[in-house]
Amino acid sequence: MSSNPIRGIRRKKSSLTEVKIAVLGAPGVGKSALTVRFLTKRYIGEYDHQAETRYKHEVMVDSEPILFEILDTCPKNDEELPLNDVYNWADALVLVFAITDRRSFNYVRRVKQTMLDTFEMPVALVANKADMVHLRQVSTEEGTYINSEILAKDFECCFTEVAAAEQVGQIAEVFLEVCREVLSVRRKNKQSLLDRMLGGKTAVVKAYARGKSDSALPKD
Ligand SMILES: Nc1nc2c(ncn2[C@@H]2O[C@H](COP(=O)(O)OP(=O)(O)OP(=O)(O)O)[C@@H](O)[C@H]2O)c(=O)[nH]1
């Protein structure tokens with residue numbers, strides 16, 4: 001057995017279902033804290049904010065082993081929005097804002113607007129730092145509003161308020177749920193394709209259900 005866990009994962013890669021998730025949000029909202037909580041169950045207060053980080057991790061989702069690839073993005077400032085490369089690469093997005101930072105809520109809204117007409121994929125909307133209610137700038141209602149009125153219109157996305165600093169299970173559930181959505185969309189589209197091949201049933205195959213190849217990876 002290999003002593004290198006990354007090498008171990010690579011060896012098994014071809015037999016595993018892969019799901020690629022990009023974690024997006026303004027600087028400092030807790031993208032790294034959430035990602036590392038999911039991957040290790042640990043909370044680490046401070047991270048290197050110099051560059052985006054890509055993780056690979058095998059997780060059982062409803063008894064099926066899934067290879068999660070998670071891109072923890074790192075915008076330099078509130079104005080820097082994700083490039084199309086990220087959307088082309090990802091199967092799903094976790095959009096994060098902090099309840100203590102209204103500008104981070106607006107950032108998520110801008111991300112949504114820029115990708116709206118071009119990219120379609122499962123999205124989870126996450127309000128982080130729920131432990132800091134005394135510094136709250138964004139109400140749950142607003143999060144729910146963006147969820148139901150804007151995001152859900154195209155993505156039917158779920159909305160969760162969490163604290164990476166305090167929670168483990170709820171954060172894992174965000175990533176697991178968005179993964180389930182990716183798998184469900186893939187299954188539906190596979191079925192649609194089969195229907196079309198077998199009997200000419202009209203079915204719409206959404207672009208985002210295509211398996212995304214490594215060639216769509218964002219540049220390091
Ligand atoms: N109180 C509290 N602080 C948090 C929470 N999540 C993250 N933080 C803190 O917020 C700061 C930023 O967290 P990061 O995870 O580095 O945020 P990020 O979005 O990855 O930041 P960038 O890499 O700069 O984009 C750190 O000081 C964290 O300790 C939380 O749930 N509650």
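For ligands, and for the atoms within them, numbers begin at 1 and follow the listed sequence. Sequential numbering from 1 along the given sequence is applied to the chain's residues. Remember, it's a predicted structure, so these values are computed and weren't measured experimentally.
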- Near Cys74, which atoms of ligand 1 are under 4.0 Å from a heavy atom of that residue? 23 (O)
- Ligand-residue contact atoms, ligand 1 with Asn128, heavy atoms, under 4.0 Å: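 In order of numbering, the contacting atoms are 5 (C), 6 (N), 7 (C), 31 (O).
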- Taking ILVMFWY side chains as joined if any heavy atoms are under 4.5 angstrom apart, and letting links pass through other members, which residues group with Met132?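 Taking Ile, Leu, Val, Met, Phe, Trp and Tyr as members, Met132 shares its hydrophobic cluster with Leu135.
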Quick test: of every protein heavy atom, which one is nearest to [atom], and how far off is it to 0.1 Å?
atom	value
atom 23 (O) of ligand 1	His49 ND1, 2.9 Å
atom 26 (C) of ligand 1	Gly45 O, 3.1 Å
atom 18 (P) of ligand 1	Lys31 N, 3.4 Å
atom 10 (O) of ligand 1	Lys129 NZ, 3.0 Å
atom 13 (O) of ligand 1	Gly30 CA, 3.7 Å
atom 27 (O) of ligand 1	Glu46 OE2, 2.8 Å
atom 31 (O) of ligand 1	Ala164 N, 2.9 Å
atom 3 (N) of ligand 1	Tyr43 OH, 3.6 Å

Looking only at distance, does [X] have an N or O less than 3.5 Å from an N or O of ligand 1?
X	value
Ala163	no
Ala33	yes
Val162	no
Asp131	yes
Gly28	yes
Pro75	no
Thr73	no
Met132	no

- Tell me yes or no: between the side chains of Thr53 and Asp72, is some donor less than 3.5 Å from an acceptor? no
- Query: Are side-chain N/O atoms of Glu64 and Thr17 paired as donor and acceptor at under 3.5 Å?
  - Reply: yes
- Phe97, portion touching ligand 1 at heavy-atom distance under 4.0 Å: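 Neither; nothing of Phe97 gets under 4.0 Å from ligand 1.
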- Item | Name of the residue among Phe38, Tyr55, Phe175 meeting ring-ring contact (aromatic ring centres under 6.0 Å, His included) with Phe68 |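 Passing option: Phe38.
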- Item | Shortest non-hydrogen contact from Arg54 toward Trp89 |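 Looking at all heavy atoms of both residues, the shortest contact is CD-CZ2, 4.1 Å.
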- Hey, what's the ring geometry for Phe159 with Phe97, parallel, tilted or perpendicular (30° and 60° as the breaks)?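 Phe159 and Phe97: parallel rings.
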- Item | Positive for salt bridge (charged side-chain N to carboxylate O under 4.0 Å, His left out) with Asp91, one of Arg186, Lys20, Arg180 |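 Result: among Arg186, Lys20, Arg180, Arg186 is the only option passing the salt bridge (charged side-chain N to carboxylate O under 4.0 Å, His left out) with Asp91.
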- Output, in order, the C-alpha distance, side-chain angles, deciding distance and verdict of salt bridge (charged side-chain N to carboxylate O under 4.0 Å, His left out) for Arg37 and Glu166. CA-CA 10 Å; Arg37 253 303 193 212; Glu166 293 181 344; over 6 Å; no
- Message: Quick one, Val94 and Val96 - any side-chain contact, counting heavy atoms below 4.5 Å?
- Response: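 Side chain of Val94 against side chain of Val96, heavy atoms only: contact under 4.5 Å found.
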- Glu52 bridged to Lys31 by N-O distance under 4.0 Å: no
- Can you list the residues that meet the salt bridge (charged side-chain N to carboxylate O under 4.0 Å, His left out) rule with Asp78, with sequence neighbours excluded? Arg103
- Consider only side-chain heavy atoms of I, L, V, M, F, W and Y, link residues closer than 4.5 Å, and tell whether Leu93 and Tyr107 are in one cluster. yes
